[in-house]
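Scope of the values below: all heavy atoms of this structure, side chains included, with no hydrogens, waters or symmetry mates. It should be emphasised that the depicted structure is a prediction, and the values quoted were computed from it without experimental measurement.
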Protein chains: 2
Amino acid sequence: MQDVSSLVAEAREGRPRAVARLISLVEGASPQLREVMAALAPLTGKAYVVGITGSPGVGKSTSTSALITAYRRAGKRVGVLAVDPSSPFSGGALLGDRVRMSEHASDSGVYIRSMATRGHLGGLAWAAPQAIRVLDAAGCEVIIVETVGVGQSEVEIASQADTSVVLLAPGMGDGIQAAKAGILEIGDVYVVNKADRDGADATARELNHMLGLGASRDAGDWRPPIVKTVAARGEGIDEVVEALEKHRGWMEERGVLAERRRDRAAREVEAIAVTALRERIGDLRGDRRLEALADRVARGELDVYGAADELVAGVTG
Amino acid sequence: MQDVSSLVAEAREGRPRAVARLISLVEGASPQLREVMAALAPLTGKAYVVGITGSPGVGKSTSTSALITAYRRAGKRVGVLAVDPSSPFSGGALLGDRVRMSEHASDSGVYIRSMATRGHLGGLAWAAPQAIRVLDAAGCEVIIVETVGVGQSEVEIASQADTSVVLLAPGMGDGIQAAKAGILEIGDVYVVNKADRDGADATARELNHMLGLGASRDAGDWRPPIVKTVAARGEGIDEVVEALEKHRGWMEERGVLAERRRDRAAREVEAIAVTALRERIGDLRGDRRLEALADRVARGELDVYGAADELVAGVTG
């Protein structure tokens, strides 16, 4: 296997093979990840991360593809991470999406990758920020994280992004669904796609009304805009990019961007630390210390809290 | 508030008010629990814990009531813990059950208590063993833990018991359901209740067939018996008690009882230790250490694993 430092050096030059290899290490929860992340850290923190969520059928992939085109026209390098939290396999479910984005396949300024999250929801929280870091280090100036699926995963994707875009389409009862799914709290920018269809104005109006009742996730003076698009024809996409840039500017001005990134990093660090501590306890189980303590508890010689204290001391001593 | 040592002394004499008060401390996750458990520990380890699970309508409460009668006839003090993992409230959903057990209300040798588990499943793993310890210290020789609800909670109740009884009734499609719910792996004794109804023999036969295909949870030479009862008339209850005693004897002979109790204690101690470590990390968040680390990660000055190492060192140092 290629050593980590040369892999990172190649990824830094934007070589697709090296980027793919590093994301595979993330996906597979490789023991080398620690070394990979240490090597990547100084190269990160420059990319702008956009999350795209929405029910199946609203046009997420088409919108992503149109956004890629717009950003490429502006000369930006773009990375796309399509995450499927419901699938333990990468690629499979996203084959159709890849076809929809195939126009960018030969563009060396675009890197598109689908990623599975090992079949469990928690995997997303682990894998997505690490994969984002790979793309960031590889020089992607804009990273679009798109989710396949609904519900909890949307909220999680939104929490990984600097700016979160919620996509809706007319006639899907999305307006009403929105409140239930809690997406009214996660969107920084709302897009009503397929705006050439009947009911687009009604959907936008209803959404506007509901947004007026609620509050955005950082409850400041940012009022999420609603943009109407026909992504398949590229209509309204420039307005979406404009809304994104405006939100980014607002976040930078108010210090919200740094705050969101710090919060994200804090959750990630905490999760890794808790896992490390759990593993240490697991090691104690291996060397029979926990078993011996449990035996004394079962005999009534020691109470559970006293035993837990000894276990903690064994881990921390 | 009454001090813990006098409360424990009163509970030890079997005073219902003190027992109730201690279980309420468990239910409310009182900060005094540590002191309570330390005081109770030397008084515990004598009770025999029987878990009763089964779908709604199979007759769990009626069977429990009949078992109480049988054990009382043998002169044993009995404790009953009715756990409702789906309800954040204690008592409410179990009112009907209490009525069904009301014949024992005036018997000072029986203590019946319903317990909520704070609305989340994990609460059961915490609260049940502690409540069992209260009843054990109060001199209950047999403790019946009965669950309201299905699925995951059944497996959890079974893991808290020395012997696990799975209740079925004819004509409820339970035989087929059983395999799905995984109850074929958790039962030490199976009871087909309402055996005077059509289909009781078929249910017992189907169950017998399926048990022949699978394996009991300690996959030793114990073959779970199937007992037919009509609990409402007390029929077959002596046979259930006999099966329980036989299982208990088998466990003692093979060392399985001590092993099960040690495993239970180990899981409990581990859960408390992990929570304690998590709380320490939470304290670090309070003193801004995590925030400072996250800030360095967000800036690319430090990688996540390095930050997690520092966090762990802060907890364990």
Side-chain angles (χ1 to χ4, degrees), chain A residues 33-46 129-130 133 136-137 258 260-278 280-282 284-285 290-291 293-312 314-317, chain B residues 33-46 129-130 133 136-137 258 260-278 280-282 284-285 290-291 293-312 314-317:
Chain A
L33 272 187
R34 170 178 277 271
E35 200 186 340
V36 169
M37 289 302 136
L40 290 179
L43 310 173
T44 60
K46 290 177 291 292
Q130 298 191 337
R133 240 173 247 126
D136 188 356
R260 283 191 178 184
R261 288 178 174 180
R262 194 170 50 230
D263 284 353
R264 247 147 65 193
R267 282 198 307 274
E268 203 186 343
V269 169
E270 192 173 9
I272 291 173
V274 169
T275 302
L277 289 170
R278 263 188 189 280
R280 288 201 195 183
I281 288 180
L284 291 188
R285 180 182 283 184
L290 175 57
E291 202 173 302
L293 287 170
D295 202 38
R296 289 171 60 202
V297 169
R299 289 173 195 277
E301 295 167 13
L302 184 66
D303 71 288
V304 272
Y305 291 96
D309 284 347
E310 287 199 29
L311 197 61
V312 168
V315 167
T316 62
Chain B
L33 272 186
R34 171 178 277 271
E35 200 186 340
V36 169
M37 287 302 135
L40 290 178
L43 310 173
T44 60
K46 291 178 291 292
Q130 297 191 336
R133 241 173 247 127
D136 188 355
R260 283 190 178 186
R261 289 178 174 180
R262 194 171 50 231
D263 284 352
R264 247 148 64 195
R267 281 197 308 272
E268 204 185 343
V269 169
E270 192 174 9
I272 291 172
V274 168
T275 302
L277 290 169
R278 260 187 193 280
R280 289 198 193 186
I281 288 180
L284 290 189
R285 179 182 283 183
L290 175 56
E291 202 173 301
L293 287 169
D295 202 39
R296 289 171 61 201
V297 169
R299 289 172 195 278
E301 295 167 13
L302 184 68
D303 71 288
V304 274
Y305 290 97
D309 283 348
E310 286 198 30
L311 198 61
V312 168
V315 166
T316 61

Rounded distance (nearest 0.5 Å) linking atom OG1 of T44(B) with atom CD of E301(A): 10.5 Å
At a heavy-atom distance under 4.5 Å, which candidate from P42(A), G45(A), G306(A), A41(A) has the highest pair count against chain B? A41(A)
Considering residues at least two apart in sequence or located in another chain, which fulfil the side-chain contact (heavy atoms from CB on, under 4.5 Å) criterion with A265(A)? A294(B), V297(B)
Euclidean distance, R267(A) CZ relative to L290(B) CG, rounded to 0.5 Å: 11.0 Å
Is L302(B) close to chain A through its backbone or its side chain, or both, or neither, when contacts mean heavy atoms under 4.5 Å? backbone
Taking the side chain as every heavy atom from C-beta outward, state whether L33(B) and Y305(A) have any pair of such atoms under 4.5 Å apart. yes
Can you name the closest pair of heavy atoms from A273(A) and L311(B) and give their distance? CB-CD2, 3.6 Å
Heavy-atom contact with chain A under 4.5 Å, split by part of R296(B): neither
All heavy atoms of R262(A) vs all of E291(B), minimum pair found to be CD-O, 3.6 Å
Sort A38(A) into side chain, backbone, both or neither according to what part of it lies under 4.5 angstrom from a heavy atom of chain B. both
Hits for salt bridge (Lys or Arg N to Asp or Glu O under 4.0 Å) against D136(A), two or more places apart or cross-chain, chain-then-number order -> none
Side chain, backbone, both or neither: which part of A307(B) has an atom under 4.5 Å from a heavy atom of chain A? both
Highest number of heavy-atom pairs under 4.5 Å with chain A among L277(B), V269(B), D263(B), L40(B) belongs to V269(B)
What I'd like to find out is whether the side chain of D309(A) reaches to under 4.5 Å of the side chain of R34(B), using heavy atoms alone. yes
Nearest-0.5 Å distance that lies between atom CG in D303(A) and atom CD in E35(B): 11.0 Å
If one checks every heavy atom of R264(A) against chain B at 4.5 Å, the contacting part turns out to be neither
